[in-house]
Amino acid sequence: MIEQATEDLAPEDGVYVRYRLDGSLFSLRRLQAHTKTQERLIRDLLFADDAALVAHTEQALQRITSCFAETSSLFGLEVSLKKTEVLHQPAPYDLYIQPRISINNTGLKATQQFTYLGSIISYDAKIDKETDNRLSKASSSFGRLYKRVWKDKNLRATTKTRVYTRAVV
């Protein structure tokens, strides 16, 4: 269905990702070279039962979204307008402008933060909320561990050490 939805789109409708499969993964210098690098056009990111549509411009995202909604109806599927959200991440130092994306003349909800399977993605691409979220979960887990293991006087020190070692590793 995704292939059918995106077959008539222009090459600029989507995001190009450049990568290489040899050498250091995080070497930006090597990614700037045009030899041994590959470029792929990404228009969608598929998750378990969800899809994220990606584009550089609002117009391109509107075209991809419209094609996706039309193709869904051809396959007898319906896009849930209540659950569908739009997240815009502007380039660094660009002004945030709330996007206006619609399906069948119904505007989609624009959000500045999206949570999926416990991970938080925000419009400014900062990881502060994600870090705070993970730290609070870790703190909660160690709090429960403290109550159930460290304060239990019936457990031996070796048992407590084994539990701690497994919790940390």
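Along the sequence shown, residues carry numbers from 1.
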Legend entry - Pair Q89-I121, side chain to side chain contact (heavy atoms under 4.5 Å, CB included): steps then yes or no: CA-CA 10 Å; Q89 285 184 325; I121 301 169; 3.6 Å; yes
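- By the criterion of side-chain heavy atoms lying less than 4.5 angstrom apart, applied directly or through intervening Ile, Leu, Val, Met, Phe, Trp or Tyr residues, V15 is not grouped with I2; the two fall into different hydrophobic clusters.
- Shown here are the salt bridge (Lys or Arg N to Asp or Glu O under 4.0 Å) partners of E7, two or more places apart in sequence or in another chain: there are none.
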Would you give me the side-chain donor-acceptor pairs under 3.5 Å for residues 52-74, sequence neighbours excluded?
residue, atom, partner, partner atom, Å
T57, OG1, A60, N, 3.1
E58, OE2, R100, N, 2.8
Q62, OE1, S102, N, 2.9
Q62, NE2, S66, OG, 3.0
Q62, NE2, S102, O, 2.8
R63, NE, D13, OD1, 3.2
R63, NE, D13, OD2, 2.9
R63, NH2, D13, OD1, 2.6
T65, OG1, L61, O, 2.7
S66, OG, Q62, O, 2.9
T71, OG1, C67, O, 2.8
S72, OG, F68, O, 2.8
S73, OG, E70, O, 2.7

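- S122 approaches L87 most closely through the heavy-atom pair C-CD1, 4.3 Å.
- Taking hydrophobic clusters as Ile, Leu, Val, Met, Phe, Trp and Tyr residues chained together by side-chain heavy-atom distances below 4.5 Å, I120 does not share a cluster with L135.
- V86 and L46 fall within a single hydrophobic cluster, where Ile, Leu, Val, Met, Phe, Trp and Tyr side chains are chained together by heavy-atom contacts under 4.5 Å.
- The salt bridge (Lys or Arg N to Asp or Glu O under 4.0 Å) contacts involving residues 159-169 comprise nothing, where partners must be two or more places apart or lie in separate chains.
- Note on residues 90-99: no pairs pass side chain to side chain donor-acceptor pair (under 3.5 Å), not counting sequence neighbours.
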Just list the side-chain donor-acceptor pairs under 3.5 Å for residues 147-155, sequence neighbours left out, or say none.
residue, atom, partner, partner atom, Å
D152, OD1, N154, N, 2.9

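- Evaluation of the side chain to side chain contact (heavy atoms under 4.5 Å, CB included) rule for S139 yields no partner, not counting sequence neighbours.
- Using a 4.5 Å cut-off between side-chain heavy atoms of Ile, Leu, Val, Met, Phe, Trp and Tyr, with links allowed through other members, Y123 and L45 fall into the same hydrophobic cluster.
- Using a 4.5 Å cut-off between side-chain heavy atoms of Ile, Leu, Val, Met, Phe, Trp and Tyr, Y16 falls into a hydrophobic cluster with L41.
- Remark: S140 pairs with R144 by the side-chain hydrogen bond (donor to acceptor under 3.5 Å, both in side chains) rule, at least two apart or across chains.
- The distance from the OH atom of Y164 to the CZ atom of F142 is 6.0 Å, given to the nearest 0.5 Å.
- Judged as a salt bridge (Lys or Arg N to Asp or Glu O under 4.0 Å), the pairs with a partner in residues 126-137 (not counting sequence neighbours) are, in order, E130-R134.
- Under the side-chain hydrogen bond (donor to acceptor under 3.5 Å, both in side chains) criterion, R156 pairs with no residue at all, not counting sequence neighbours.
- Contact between T165 and T161 at its shortest, heavy atoms only, is OG1-O, 2.7 Å.
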Please tabulate, one pair per line, all N/O donor-acceptor pairs under 3.5 Å involving side-chain atoms of residues 105-112, not counting sequence neighbours.
residue, atom, partner, partner atom, Å
T111, OG1, Q113, N, 3.3
T111, OG1, Q113, O, 2.8

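- Considering only residues two or more places apart in sequence or on other chains, E3 meets the side-chain hydrogen bond (donor to acceptor under 3.5 Å, both in side chains) condition with none of them.
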